[in-house]
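The figures here come from the full heavy-atom set of this structure, side chains too, leaving out hydrogens, waters and symmetry mates. Order of listing sets the numbers, starting from 1, for every ligand and every atom in it. All values derive from a computational prediction rather than experimental measurement.
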Amino acid sequence: MSLESFLSTLDELEQEALAAFDAASDAGALEESRVRFLGAKKGALKDVQKQMGGIDPSDRKAAGMRLNEFKSKVQAAFETSQSILGGGGEAGIDPSFDATLPGIQPNIGHIHPITQTINHLMEIMGRMGFEAAEGPEVEDPWHNFVALNIPEDHPARDPLDNFYLATASATSDRAIEGEQLLRSQTSTVQIRVMERRQPPIRVISLGRVYRPDDPDATHFPMFHQMEGLYVDEHVTMANLKTVLRVFATNYLGGDVQIRFRPSFFPFTEPSVEVDFLWNDQWIEFGGAGMVDPAVFEAVGYDPETVSGFAFGLGVERLCMRRHGITDIRDLYSGDLRFLRQF
Ligand code: FA5
């Protein structure tokens with residue numbers, strides 16, 4: 001066979017193949033055309049390859065080059081049509097794909113146990129009529145101390161016990177008006193709420209607080225508190241104890257034992273520490289008491305006509321007690337093997 005007729009056979013075949021792939025309206029028709037032109041056993045390509053043998057050896061190189069070009073062009077045209085038709089049918093499936101293998105598990109997000117606890121506490125307190133309130137984590141001394149009846153020389157304001165943001169803390173000066181700090185307690189939110197609203201008030205505030213405490217099993221420099229504030233007329237200590245008992249039985253179960261121990265906070269009078277029994281030991285969960293008249297005066301309320309109670313509980317310790325977590329540091333280690341349990 002002459003080189004010329006070999007080349008024109010290929011030209012014709014190429015046109016035919018491209019037209020056939022182009023015209024295929026479904027995966028079945030496309031596969032038929034593929035077998036007809038490219039089929040390894042009796043496709044047109046196979047016939048053409050056979051004809052190579054009859055070509056003059058001096059023309060074989062040119063014939064071979066054109067044959068390769070034909071193969072890649074026709075193959076490419078087939079693949080284009082295949083992807084247009086969605087690769088359906090046997091021919092469209094990548095042979096390395098095994099439909100019986102298990103799929104790749106997507107990494108599904110997970111709510112941190114402390115966030116879960118906060119949501120749970122808000123739900124319980126919400127059922128008792130407490131609405132959520134918020135305040136900033138960067139505070140001024142007025143909201144963190146002064147309005148809470150914590151005088152300038154009180155040890156709670158010591159630079160060593162707080163994260164002050166101003167440089168004045170480095171000079172060993174005590175808190176300076178206008179200086180800012182990371183709030184050390186959520187009691188700040190009591191002040192912020194009372195400054196903008198009139199009684200009756202029934203709010204809780206759940207958020208982060210910061211203290212330069214050395215980490216151990218029950219302390220961390222960043223932790224969360226749940227603050228509660230109830231202001232109305234004729235509020236008594238009995239109301240406070242009832243709310244905390246109802247809260248504790250809802251969150252920790254009906255058999256929880258709770259104890260109120262006389263204590264002192266500058267912003268409540270009288271004041272108590274709230275303890276829960278845990279593994280035969282009384283563990284302190286927070287402080288509480290009747291709002292001190294000096295606090296009402298600071299926010300412009302008349303202490304003769306309003307009364308109220310407030311409490312502040314450690315959220316981590318509540319979460320730990322409920323889930324049997326024995327070391328607060330586990331909550332912030334970032335170890336997913338620990339966190340995935342909740
Ligand atoms: C207070 O912070 C008061 N503001 C509570 C209060 C509010 C009293 C309203 C009266 C009225 P105290 O410093 O005791 O109190 O902290 C309260 C709770 O926070 C503690 O009982 C404990 O559960 C938790 N807590 C304190 N320090 C840490 C810490 N470093 N890590 C984890 N939890 C802590």
Side-chain angles (χ1 to χ4, degrees), residues 114 117-118 121 125 130 133 135 139 143-145 147-150 154-158 160-163 181-194 201 203-231 235 237 239-241 243-244 247-248 251-252 258-276 278 281-296 307-322 325-332:
I114 287 300
T117 304
I118 287 173
L121 301 181
M125 296 307 295
F130 285 79
E139 264 296 4
H143 291 96
N144 204 88
F145 303 121
L148 287 163
N149 198 31
I150 302 175
H154 194 281
R157 293 176 67 159
D158 197 291
L160 293 175
D161 289 329
N162 293 282
F163 288 112
L181 74 160
L182 297 179
R183 68 179 176 190
S184 61
Q185 50 183 353
T186 45
S187 300
T188 53
V189 186
Q190 292 183 35
I191 304 302
R192 291 195 171 269
V193 169
M194 289 191 283
I201 285 173
V203 293
I204 49 158
S205 185
L206 280 137
R208 288 192 192 95
V209 299
Y210 304 85
R211 294 180 193 178
D213 289 346
D214 286 334
D216 62 21
T218 52
H219 292 86
F220 209 70
M222 183 284 302
F223 60 101
H224 296 72
Q225 288 187 334
M226 173 168 76
E227 191 81 12
L229 175 69
Y230 188 13
V231 183
V235 180
M237 195 83 180
N239 300 135
L240 166 64
K241 291 175 79 172
V243 164
L244 286 178
F247 160 73
Y251 184 64
L252 297 173
I258 175 168
R259 175 175 88 170
F260 298 94
R261 194 161 34 90
S263 186
F264 174 79
F265 293 100
F267 37 95
T268 47
E269 182 60 34
S271 304
V272 289
E273 301 274 3
V274 189
D275 302 336
F276 295 133
W278 188 4
Q281 266 192 312
W282 289 103
I283 307 280
E284 178 204 312
F285 281 83
M290 302 306 293
V291 179
D292 195 290
V295 174
F296 285 144
S307 52
F309 67 71
F311 59 85
L313 307 182
V315 172
E316 279 75 5
R317 293 198 194 164
L318 286 165
C319 168
M320 290 164 72
R321 165 72 166 74
R322 185 178 156 97
I325 298 167
T326 49
D327 195 323
I328 191 173
R329 290 166 294 194
D330 287 336
L331 287 165
Y332 299 114

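Atoms of ligand 1 lying under 4.0 Å from any heavy atom of I328, numbered from 1 in the order shown and given with element: 32 (C). Per-residue contacts place G287 under 4.0 angstrom from the following atoms of ligand 1 (heavy atoms of the residue considered): 6 (C), 7 (C), 8 (C), 10 (C). Within ligand 1, the atoms closer than 4.0 Å to a non-hydrogen atom of A310 are 9 (C), 11 (C), numbered from 1 in the order shown. When each atom of ligand 1 is checked for a heavy atom of A288 under 4.0 Å away, the hits are 8 (C), 10 (C), 11 (C). Short contacts between ligand 1 and D213, defined as distances under 4.0 Å to a heavy atom of the residue, involve ligand atoms 27 (N), 29 (C), 30 (N). Counting the atoms of ligand 1 from 1 in the order shown, those under 4.0 Å from a heavy atom of Q190 are 9 (C).
Between the side chain of S205 and the main chain of E227, no donor-acceptor pair closer than 3.5 Å is present. A distance-only check finds a donor-acceptor pair linking the side chain of N162 to the backbone of D158 [under 3.5 Å]. Remark: side-chain polar atoms of R321 are not paired, donor with acceptor, to backbone N or O of W278 under 3.5 angstrom. Under the 3.5 Å distance criterion, the side-chain polar atoms of R192 are left unmatched by any main-chain donor or acceptor of H143. Judged by distance alone, with hydrogens and angles left aside, the side-chain atoms of R211 form a donor-acceptor pair with the main-chain N or O of S184 at under 3.5 Å. Put simply, the side chain of D161 never gets that close to the backbone of A156: no donor and acceptor are under 3.5 Å apart.
Checking only distances, T268 never comes within under 3.5 Å of ligand 1, N or O to N or O. At least one N/O-N/O distance between F220 and ligand 1 falls below 3.5 Å. Below 3.5 Å of separation, one finds no N or O of E227 facing any N or O of ligand 1. Below 3.5 Å of separation, one finds no N or O of F223 facing any N or O of ligand 1. By the 3.5 Å distance cut-off applied to N or O atoms, S187 is counted among the residues near ligand 1. For ligand 1, the polar-atom distance check finds an N/O of Q225 within less than 3.5 Å of one of the ligand's N/O atoms. Considering both main-chain and side-chain atoms, Q185 comes within under 3.5 Å of ligand 1 through a nitrogen or oxygen pair. For the pair E273 and ligand 1, the shortest N or O to N or O distance does not fall below 3.5 Å. In terms of N/O distances under 3.5 Å, ligand 1 is not approached by F265.
Note: R329 CZ to E316 CD = 13.5 Å, rounded to the nearest 0.5 Å. S271 OG to F260 CZ: the interatomic distance, rounded to the nearest 0.5 Å, is 13.0 Å. Atoms CG and CZ, on L229 and F130 in that order, are 8.5 Å from each other to the nearest 0.5 Å. The structure places CG of N144 at 10.0 Å from OG1 of T186, a figure rounded to the nearest 0.5 Å.
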- Query: L206 and H224: side-chain contact (heavy atoms from CB on, under 4.5 Å), yes or no, with the steps?
  - Reply: CA-CA 7 Å; L206 280 137; H224 296 72; over 6 Å; no
- Begin from the C-alpha positions of R261 and E284 and carry the test side-chain contact (heavy atoms from CB on, under 4.5 Å) through to its verdict. CA-CA 10 Å; R261 194 161 34 90; E284 178 204 312; 4.2 Å; yes
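Within 6.0 Å of atom CG in D214, 12 or fewer heavy atoms from other residues, nucleotides or ligands are found, so the atom counts as exposed in its surroundings.
Shortest contact from atom 13 (O) of ligand 1 to any protein heavy atom: R211 NH1, 2.9 Å. In this structure, the protein non-hydrogen atom closest to atom 14 (O) of ligand 1 is E284 OE2, 3.4 Å.
When F264, Y210, F285, F267 are checked for heavy-atom proximity to atom 23 (O) of ligand 1, F285 turns out nearest. Closest heavy-atom approach to atom 7 (C) of ligand 1 within the set S271, S184, G312, A156: this belongs to G312.
Residue R317 touches ligand 1 through its side chain alone, judged by heavy-atom distances below 4.0 Å.
Heavy-atom separations between T218 and ligand 1 include at least one value shorter than 4.0 Å.
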